[in-house]
2 protein chains.
Amino acid sequence: MRALGVTNDTALLRRLNTRATLHALRQGGPQTLTQLARAAGLSRQTAEVALADLTERGLAEESSPTEGRAGRPARRFRFRAEAGHVVGLDVGPRRILAMLADLNGDVTEQRWLDADEHMPAAERLALAERAATACVEAAGLARGGVWAATVGTSGVVDRSGRVSVSTLIPGWTGLDLGGHVGRWFGCPGFAANDANLAAVAEHWRGSARHVDDLVYVLSGYRAGHGLLLDGRLRTGRTGSAGELGRLPLAGWEDPSVVLGEAGRDAEEIFQAAQAGDEQALAVVDRLAHGLARGASALVLVVDPELVVVGGGLSRAGEPLLERMRAHLAEMCLNPPEVALSTFGEESIALGAVRMALDHVEQERLGL
Amino acid sequence: MRALGVTNDTALLRRLNTRATLHALRQGGPQTLTQLARAAGLSRQTAEVALADLTERGLAEESSPTEGRAGRPARRFRFRAEAGHVVGLDVGPRRILAMLADLNGDVTEQRWLDADEHMPAAERLALAERAATACVEAAGLARGGVWAATVGTSGVVDRSGRVSVSTLIPGWTGLDLGGHVGRWFGCPGFAANDANLAAVAEHWRGSARHVDDLVYVLSGYRAGHGLLLDGRLRTGRTGSAGELGRLPLAGWEDPSVVLGEAGRDAEEIFQAAQAGDEQALAVVDRLAHGLARGASALVLVVDPELVVVGGGLSRAGEPLLERMRAHLAEMCLNPPEVALSTFGEESIALGAVRMALDHVEQERLGL
DNA sequence: TCCAATTATGAGAAGATGCGACGTAAAGCT
DNA sequence: AGCTTTACGTCGCATCTTCTCATAATTGGA
């Protein structure tokens with residue numbers, strides 16, 4: 001029970017109202033003083049004071065004085081999204097993606113780099129740093145221009161940003177990933193599980209925009225489940241929430257085995273299935289069954305509104321979804337909606353950006 | 001995004017400070033003005049104003065003027081827990097328990113009534129109302145003295161307090177349980193799943209007091225799982241979170257079948273197991289295995305800190321826990337702690353009390 | 001070109017709240 | 001009875017918000 005009796009003087013009011021003004025400014029784009037005051041639920045004078053404060057902190061700026069309407073031209077303000085930036089990284093077994101985004105979360109730079117599955121940890125880290133600094137330099141940011149950074153990776157990542165279990169990436173287990181990335185830019189650094197970050201991205205701007213309880217199924221080469229409840233990430237005590245590896249689910253089939261038995265290239269099967277090929281559809285059905293088995297455990301446990309399917313198998317598209325819906329309907333009392341991931345391969349880095357922004361908004365913007 | 005720009009004037013400060021004062025008053029018991037001010041982080045004057053407000057609302061009272069210390073006697077204030085009451089009910093297939101509690105959550109009246117498994121819904125409801133009103137009348141409460149009421153029952157209960165699925169109680173499906181109990185006392189009425197309420201009770205005052213992420217396993221005649229994350233109940237979109245009934249878990253055994261095969265009375269087996277009887281221990285191990293199977297799904301999905309075991313099988317005590325720990329350790333990467341329920345048969349009604357209090361604290365006390 | 005209409009600004013007054021300081025009251029102790 | 005101790009109560013001041021009203025800067029039409 002904190003945040004109650006810390007400083008309930010008028011300074012708190014001021015902070016609250018500045019926060020409300022900043023929120024209104026970020027939500028509604030460039031606005032006049034009067035519009036901002038109305039949006040924030042404040043008087044014009046109060047909004048003005050708040051904006052003076054924000055301007056001094058570099059977060060707001062008075063912009064183009066007017067546009068063609070009757071009456072005295074209104075003062076317009078805009079949010080200075082370029083006042084700070086965050087870095088989001090996806091460090092996978094085979095590829096690395098770095099993104100640089102401004103305070104609006106708009107991605108201004110991004111770099112893909114290829115990695116090797118067997119690459120040692122130090123080399124992979126160096127590659128990730130190169131991808132990230134390339135973005136930062138391309139944007140011409142000064143030292144201290146990165147306010148927070150987050151890495152997403154496969155494996156179990158604990159609250160402190162340390163990888164506690166990683167089976168896919170050599171030398172990864174025990175690595176303080178969050179600490180490393182923070183040191184690169186002299187800013188707070190975080191790390192999280194890839195499926196969890198993908199879930200965050202979908203909730204932020206993707207298929208799960210209007211949903212607060214969702215399960216993300218990362219299928220394919222990297223597998224895992226992400227869990228968002230009440231709009232917040234659930235990683236569990238040790239960060240291993242959603243790691244179903246050892247749950248003895250009856251009748252589960254490994255996707256790679258299924259695809260192996262099919263004897264055709266995955267992409268080929270997916271296209272054939274979308275064209276209506278019976279044999280390919282049967283393969284997709286078996287894949288869907290496997291995904292639904294895993295997802296059903298999460299669905300039965302948390303009863304979410306939506307299941308978002310991402311990762312390699314999601315390239316099978318609508319036929320896969322349709323079969324997953326059917327299988328989930330058999331396995332669950334109240335089957336949730338099922339949707340495809342919006343962002344595909346970029347979702348993990350995008351979720352990392354969002355997580356870094358969460359920190360910035362809370363700590364530096366005081367939101 | 002609300003609660004930002006609603007009324008950020010000084011009245012908000014006042015509400016916040018009154019809230020802080022009330023919080024300090026409830027936490028620390030009867031205290032002097034100065035102590036209260038310090039605990040709430042306010043000046044004495046501000047605390048005084050807040051207390052005047054609370055006194056007017058009947059929530060605080062100036063009590064015994066002094067005790068034997070040097071100096072001018074301090075004014076002492078106490079929280080008037082008797083200003084309001086809540087009702088918590090446990091309506092099960094065979095028994096009904098009603099509790100009346102004051103604003104501190106202290107149970108002042110309680111009544112058990114026997115029901116029959118085959119009793120029609122209307123009759124069961126009438127019995128529940130009788131149990132509850134008996135408590136209210138015994139306490140001599142005036143009309144309007146009950147500020148909120150909650151019922152716990154087996155089955156799936158949705159957010160609105162309606163029973164959407166009930167297999168154990170005839171006529172229960174579709175019943176607006178929350179609405180009924182609210183109408184009895186002319187107050188807000190709520191209903192929730194029994195295992196969930198038991199989890200709430202354990203988190204409130206039981207084995208899970210110091211833990212915010214927990215899974216409650218209600219074992220035995222009534223089965224189910226309760227889920228608390230971040231200290232808050234997770235019921236899911238439709239209220240069916242934790243209903244694993246249709247999860248195809250390999251190697252799961254029905255407890256009643258296990259006990260049936262054992263050929264002895266359950267109570268007898270539990271006692272023998274606690275005395276070290278090998279055969280009885282084997283039965284307990286099979287039961288523990290079944291419970292752990294179900295619990296493991298929840299544990300793997302949400303990675304909680306603690307699993308609390310309640311319900312009939314929990315009477316097997318420490319041997320059951322010990323076996324569950326062993327089985328969970330096999331099934332989970334990071335096995336959580338396992339503990340026995342503190343409250344036994346009263347946990348559901350107690351959780352109902354707590355849920356009613358949650359509503360009262362939020363809506364009537366403005367906490 | 002000038003004037004009315006329109007819209008927003010800017011300054012001042014009033015109301016509410018919180019806090020620090022200082023004098024005062026009420027007890028115990030010698 | 002007087003001193004010490006502890007807490008009370010009042011006063012004044014600072015902060016913050018809102019309301020009001022006069023003023024400024026445009027547009028559009030006569």
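Small disclaimer: the values here were computed from a predicted structure and weren't measured. We name chains A, B, ... by the order of the sequence lines, and we start the count at 1 in each one.
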## Note on the structure
side-chain contact (heavy atoms from CB on, under 4.5 Å) filter on B:Ala139, not counting sequence neighbours, yields B:Leu100, B:Glu109, B:Leu141

### Spacing of B:Leu36 atom CG relative to D:dA7 atom C1', expressed in whole Å
14 Å

### Query
Looking at residues at least two apart in the chain, or sitting in another chain, which of them share a side-chain contact (heavy atoms from CB on, under 4.5 Å) with B:Glu48?
B:Leu33, B:Arg75

### Query
salt bridge (charged side-chain N to carboxylate O under 4.0 Å, His left out) with A:Arg237: which residues, sequence neighbours excluded?
B:Asp303

### Query
Residues in salt bridge (charged side-chain N to carboxylate O under 4.0 Å, His left out) with B:Asp102, at least two apart?
none

#### Entry: Nucleotide D:dT18, atom C1' - distance to CG of A:Asn17 in whole Å
12 Å

### Query
Considering residues at least two apart in sequence or located in another chain, which fulfil the salt bridge (charged side-chain N to carboxylate O under 4.0 Å, His left out) criterion with A:Asp106?
A:Arg205

### Nearest-Å distance for atom pair CZ/C1', residues B:Arg38 and D:dT6
13 Å

### Query
Between C:dT17 and A:Thr10, is there an OP1 or OP2 to side-chain N/O distance shorter than 4.0 Å?
no

### Task
Please work out if B:Thr46 contacts a base, only the sugar-phosphate, or nothing of the nucleic acid, heavy-atom cut-off 4.0 Å.
sugar-phosphate

### Query
Tell me: CG of A:Asp53 to P of D:dC16, nearest whole Å?
10 Å

### Message
Taking the axis from the first five pairs and the axis from the last five, what angle separates them in the helix from C:dT1-D:dA30 to C:dT30-D:dA1, rounded to 10 degrees?
### Response
20°

#### Entry: Rounded distance in Å - CZ (B:Arg15) to P (C:dA16)
15 Å

### Task
Mind checking salt bridge (charged side-chain N to carboxylate O under 4.0 Å, His left out) for A:Asp358 and listing every partner two or more places apart, or none if nothing turns up?
A:Arg354

### Message
For a quick check, with a 4.0 angstrom heavy-atom cut-off, what is the B/S/- contact string for nucleotides 3-10 of chain C, read 5' to 3'?
### Response
---BBBBB

### Message
For A:Phe77, give me all partners under ring-ring contact (aromatic ring centres under 6.0 Å, His included), at least two apart in sequence or on another chain.
### Response
none

### Query
Between A:Asp213 and A:Asp230, is there a donor-acceptor pair closer than 3.5 Å when you use the side chain of the first and the backbone of the second?
yes

### Query
For B:Leu51 and C:dT17, what is the distance between atoms CG and C1' respectively, to the nearest whole Å?
16 Å

### Query
Whole-Å distance between D:dT6 P and B:Gln31 CD?
18 Å

### Task
Rounded off to whole Å, could you give me the CZ-to-C1' distance for the B:Arg14 and D:dC16 pair?
15 Å

### Message
Checking B:Thr46 against B:Ser43: is there a side-chain donor and acceptor pair closer than 3.5 Å?
### Response
yes

